[in-house]
Amino acid sequence: MFRVLRLPRHHRELVPLYVFFAVLLIVNLALDPQMFTFARISTLSVQFMPLILVAMAQTAVMLTGGIDLSVGAVLSLMVSISAVTMQDSPGGIALSIVATILCGAATGLFTGLGVTYGRLPAIIVTLATSYLWHGVALLVLPVPGGHVAPTFTGWVTSVAVVPAGVILVVIPLLFWKFFKNTRPGVSLYATGNNAHAAYVNGIRTNRARITAYVLAGVFTAVAGVGLSGQIGSGDPNIGSPYTLNSVAASILGGISFLGGQGQMKGTVIGAIIVGSLMNILFFAGISPFYQYVVQGLILVVAIGLKTIAQGRKGGQA
Amino acid sequence: MKTGKLKRLTLTAAVLSLTLFAAACGQIKENSDASPSVSPAASGQAGQTAAAQDHKYVIGWSTIYLTPSWMQETNKFLTDRAEYWKSQGVLDKVVVTNANGDTSVQISQIENMISQKYDAILVDAGSATALNPVLEKAVNAGIPVVAFDSLPSTDKITSKVNPDTKEWGSVMAQWLADKLGGKGKVIAMNGPAGVAVSEERWAGAKEVFDQYPDIKIVANLHSEYNEGPAMQAILPALDANPDVDGIFSQGGSMSSAAIKAIQQKNMKLIPVTGENYNGYLKQWNDLLPKGFSSFAPANPNWLSALSLDQAIRALQGYKVEKVVKVKLPTIDDNTLKDYVPNDYPDDYFPIKDLTEDEITQILGPLEK
């Protein structure tokens with residue numbers, strides 16, 4: 001019966017994730033029958049959007065074999081910059097978005113240079129920059145506040161056939177789909193797979209790593225712009241929990257800690273799973289004291305399953 | 001071969017998922033017995049004391065944290081008060097959600113309460129501004145929202161029931177300024193930078209200190225509201241300022257760290273401002289005979305119970321004040337004996353219970 005599942009390899013790898021995701025959706029739907037109304041989908045897409053984007057940022061870095069512990073702090077900074085720079089006019093909104101994205105790219109460039117030319121381990125550099133960017137966020141916006149244009153907040157939170165939350169995720173995702181098959185994209189995967197071999201074969205591994213961090217900065221900036229729209233303000237502390245959630249979403253989505261393995265669409269599904277688990281536990285009426293236990297256990301089991309699967313594959317190869 | 005592997009994996013995933021599904025279904029069943037909340041008739045804003053008997057309220061409390069002991073005591077006051085309203089046939093249940101410090105999660109949880117058509121929502125906000133849109137959405141959907149403790153900045157919610165945060169700072173600063181005779185060196189111990197409550201308490205204190213040109217703030221420290229981090233912050237500050245005359249601290253665990261550090265360094269027992277944190281009250285009580293003097297406000301845990309009453313008033317169509325300013329309970333050298341010694345652990349906030357009369361006094365008389 002599995003003959004019908006002659007899917008392309010990049011889908012076949014993700015079948016267990018698809019199944020898990022499908023069942024979660026069914027459970028969620030059973031508990032929240034209005035889940036597929038436009039109003040709910042719009043709300044959910046805005047809820048999931050920042051984590052999906054930050055997880056994509058994390059994935060871009062993890063694919064090179066690195067890790068970025070500063071994504072949460074960068075998200076706080078981006079939300080703050082967005083809320084401080086935004087004006088009410090359409091031009092003012094656009095300018096603020098561009099400025100935020102450029103700042104995101106700059107943070108990525110800074111980290112990327114530290115990791116490559118500073119020859120320091122990513123985990124240390126990004127731990128250090130996480131304090132740095134959080135500090136800068138507090139300088140930009142010392143207390144929650146700032147101003148986000150009501151028209152922008154309205155667009156982000158409005159009910160629509162194609163909600164803003166979806167648009168903000170799909171554009172970077174389409175960009176990634178295009179990017180991964182370009183020369184820099186292939187270099188990024190190759191660097192993560194085996195940096196030495198890649199280097200010997202003429203791939204500029206440093207450039208690939210820096211590209212990954214810059215992309216991560218840009219994705220996080222888009223998340224920050226969207227989040228500032230969702231909350232109608234800025235908050236210099238809002239990003240911190242995203243760091244570990246983004247790692248969890250990436251791992252759940254099949255991204256290898258060792259780099260070079262995994263696909264962006266897996267990460268997107270992983271992030272939606274992390275987000276919807278919280279909703280399911282709420283709708284199931286599980287006591288808040290157990291919610292995090294249950295959530296943790298489900299993640300451990302799901303990630304464990306995947307690791308077992310990969311281990312077997314590895315053993316065979 | 002590959003297909004076989006794939007099959008096995010898919011099956012495992014499916015089995016796991018089905019288990020989860022079954023577990024969740026069990027939960028739904030258990031829940032549906034006790035939740036008439038989903039009926040769209042839930043949003044009873046108009047005055048309907050009689051109708052309240054047919055439809056018992058489901059009220060949510062969304063809190064940014066639940067694990068700190070202050071929050072657990074607050075939760076206890078809420079559940080105790082909820083029992084009273086259940087016995088009156090008014091309330092079905094109170095559902096508590098804990099965002100564990102994640103503001104984005106708190107937004108989702110409030111969204112879920114709205115989509116489940118809860119009758120009212122109580123909130124202890126993780127961010128002064130980030131929850132405004134979702135709380136306004138609740139109010140627009142006809143769901144009364146009552147905030148306490150950490151407040152959202154929007155004025156579009158039904159009611160805010162809280163002591164004045166700035167007053168907390170100014171009352172303590174005034175006590176310290178009086179104690180120092182209007183001059184001296186002061187170390188300030190504040191909460192984490194960028195946290196609204198901490199900034200507001202400090203703003204209140206600053207206004208008072210600014211009136212005394214001879215009071216110098218020699219160090220302004222920021223740390224978590226926790227003894228460990230506060231200790232790390234205060235020790236170097238004391239080394240740098242051994243001649244400090246007083247300490248302004250805006251949290252009991254910080255005050256506790258301060259007084260421990262002072263004793264460690266064999267310094268003079270200078271005045272320190274505190275909070276009704278039990279570990280601190282006990283030390284204060286021990287040091288009182290040695291001439292130590294302090295002053296402690298209490299952020300009352302019964303704010304949750306008071307807010308529940310306010311939400312029920314709103315649901316029953318009574319008038320509710322948009323802002324209910326709760327008088328800050330305070331403890332001084334003389335009233336300390338009413339609180340300690342006690343049998344509670346250090347990590348506890350002794351507070352006097354709230355009587356029915358006090359509730360009426362604070363929230364005002366019942367008026368339609």
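What's counted below: heavy atoms across the whole structure, side chains too, no hydrogens, waters or symmetry copies.
- Taking CD1 of B/I110 as the reference point, atom CZ of A/F282 lies at 10.0 Å (rounded to 0.5 Å).
- Residue B/D102 touches chain A through both its backbone and its side chain, counting heavy-atom pairs closer than 4.5 Å.
- With a 4.5 Å cut-off on non-hydrogen atoms, A/Y242 touches chain B through its side chain but not through its backbone.
- Note: B/N100 leads B/V134, B/N100, B/T97 in heavy-atom pairs under 4.5 Å with chain A.
- Proximity to chain B is absent for every atom of A/L51, based on heavy atoms less than 4.5 angstrom apart.
- For B/E199, the part lying near chain A is the side chain, with the backbone staying farther off; criterion is any non-hydrogen pair under 4.5 Å.
- Among the candidates A/G232, A/S228, A/G275, A/P142, the residue making the largest number of heavy-atom pairs closer than 4.5 Å to chain B is A/P142.
- Contact record, A/Q34 with B/S115: OE1-O, 3.9 Å, taken as the closest heavy-atom pair.
- Listed here is the closest heavy atom pair of B/E111 and A/R40: O-NH1, 4.1 Å.
- Remark: B/I107 CD1 to A/Q47 CD distance equals 8.0 Å, nearest 0.5 Å.
- A 4.5 Å side-chain heavy-atom check between A/I238 and B/S127 finds every atom pair outside the cut-off.
- Considering CG of A/N245 and OG of B/S104, their distance stands at 9.0 Å, rounded to 0.5 Å.
- Summarising the geometry of B/T129 relative to A/S233, their closest heavy-atom pair is OG1-OG, 2.7 Å, with the distance given to 0.1 Å.
- Annotation: B/K206, atom NZ; neighbour count of heavy atoms from other residues, nucleotides and ligands within 6.0 Å does not exceed 12.
- With a 4.5 angstrom heavy-atom cutoff, A/T157 does not touch chain B via any of its atoms.
- Of the listed residues B/L66, B/L131, B/N112, B/N132, the one with more heavy-atom pairs under 4.5 angstrom with chain A than any other is B/N112.
- Counting heavy atoms from C-beta outward, A/N279 and B/S108 have side chains that approach closer than 4.5 Å.
- In this structure, the portion of B/V105 lying under 4.5 Å from any heavy atom of chain A is its side chain and not its backbone.
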